[in-house]
Structures are given as structure tokens and as C-alpha cells.
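First up is the structure itself, then whatever we jot down about it.
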Amino acid sequence: GALIQVNASSIIGIDGRKTKKFINKSIKNGFVDFVSSDIHDSRVNYLKLAYNYVFKKHGIDVCDRIFKNNAKDIIESFDLRED
């Protein structure tokens, strides 16, 4: 029941080849639920590169799921109205 988030930098190999291979295998197997930017202070934003990589390797359905739809579903599941 746990949800898994990975950093965009890991998808494109900034964190090493072993990490890239592991993350992409995890994406292929449907284990990854979200992709994050991991931006703190002045770090580089790799989201666009990661999105393009996942699109080419895994297709639009996977991109929509891990970059957009899962996050949207979580946000929409919260009832922010006060009782």
C-alpha cells in the first residue's frame, strides 16, 4: 500500500548508471507512483529531461500516470472543507 516517489535526476542517470537502471526497471514494472524535482536551493530541475526520457522509453500512459495523474488523484482525494 505504500506509494513510491523517485527523483527526476535518478531517471536520467545523474545519480549513476546502477541507479538509473534500477529506477527504470521499477518504472517498467509499475512500482513508481510519482516523480519529484528534488529542487533545494539552487539545484538543477531535471523534470523535463526525465519526462522526455520516460516518454521515449515507456510511453505517454506511463508519463501521465507518474508525472501527473497520480499526484492529481491524491490532491483531489483530500476533503479540505472544514466540518
Side-chain angles (χ1 to χ4, degrees):
L3 299 174
I4 297 174
Q5 173 179 299
V6 299
N7 293 334
S9 59
S10 297
I11 292 172
I12 61 171
I14 299 297
D15 301 320
R17 284 190 355 229
K18 284 184 179 182
T19 300
K20 179 180 179 179
K21 185 176 179 179
F22 174 78
I23 295 299
N24 281 285
K25 187 174 182 179
S26 297
I27 291 170
K28 179 181 178 184
N29 289 323
F31 299 146
V32 174
D33 299 295
F34 310 99
V35 178
S36 66
S37 65
D38 194 32
I39 297 176
H40 303 274
D41 300 319
S42 61
R43 291 186 186 178
V44 177
N45 184 344
Y46 295 107
L47 279 173
K48 186 174 182 177
L49 290 172
Y51 181 92
N52 290 336
Y53 181 86
V54 172
F55 177 79
K56 288 177 185 173
K57 191 150 180 93
H58 304 285
I60 189 69
D61 292 337
V62 172
C63 281
D64 282 348
R65 183 174 58 80
I66 66 176
F67 283 90
K68 183 173 93 174
N69 295 341
N70 285 347
K72 182 181 173 194
D73 290 346
I74 292 288
I75 291 167
E76 289 176 351
S77 73
F78 285 99
D79 184 358
L80 299 177
R81 298 173 291 180
E82 291 187 37
D83 292 334

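Residue indices begin at 1 and follow the sequence shown.
Across L47 and S37, no two heavy atoms sit closer than the pair CD1-CB, 3.7 Å. Of all non-hydrogen atoms in V54 and I27, the two that sit nearest each other are CG2-CD1, 4.1 Å. The heavy-atom pair separating V32 from I23 by the smallest distance is CG2-O, 4.4 Å. When all heavy atoms of F34 and I74 are compared, the closest pair comes out as CZ-CG1, 3.8 Å.
If you take CG on D73 and CZ on R65, they are separated by 11.5 Å, rounding to the nearest 0.5 Å.
Note on I66: it clusters hydrophobically with I60, by side-chain heavy-atom contacts below 4.5 Å among ILVMFWY residues.
Judged as a ring pair (Phe, Tyr, Trp, His ring centres under 6.0 Å), the pairs with a partner in residues 48-67 (not counting sequence neighbours) are, in order, Y51-F67. For residues 12-21, the pairs satisfying side chain to side chain donor-acceptor pair (under 3.5 Å) are S9-D15, S10-D15, with sequence neighbours left out.
Qualifying salt bridge (Lys or Arg N to Asp or Glu O under 4.0 Å) partners for D33, counting only residues two or more places apart in sequence or in other chains: none. With sequence neighbours left out, the side chain to side chain contact (heavy atoms under 4.5 Å, CB included) criterion links K25 to N29. With sequence neighbours left out, the side chain to side chain contact (heavy atoms under 4.5 Å, CB included) criterion links N69 to D64. For D61, there are no side chain to side chain contact (heavy atoms under 4.5 Å, CB included) partners two or more places apart in sequence or in a different chain. Looking at residues two or more places apart in sequence or on another chain, you find a side chain to side chain contact (heavy atoms under 4.5 Å, CB included) between N52 and K48.
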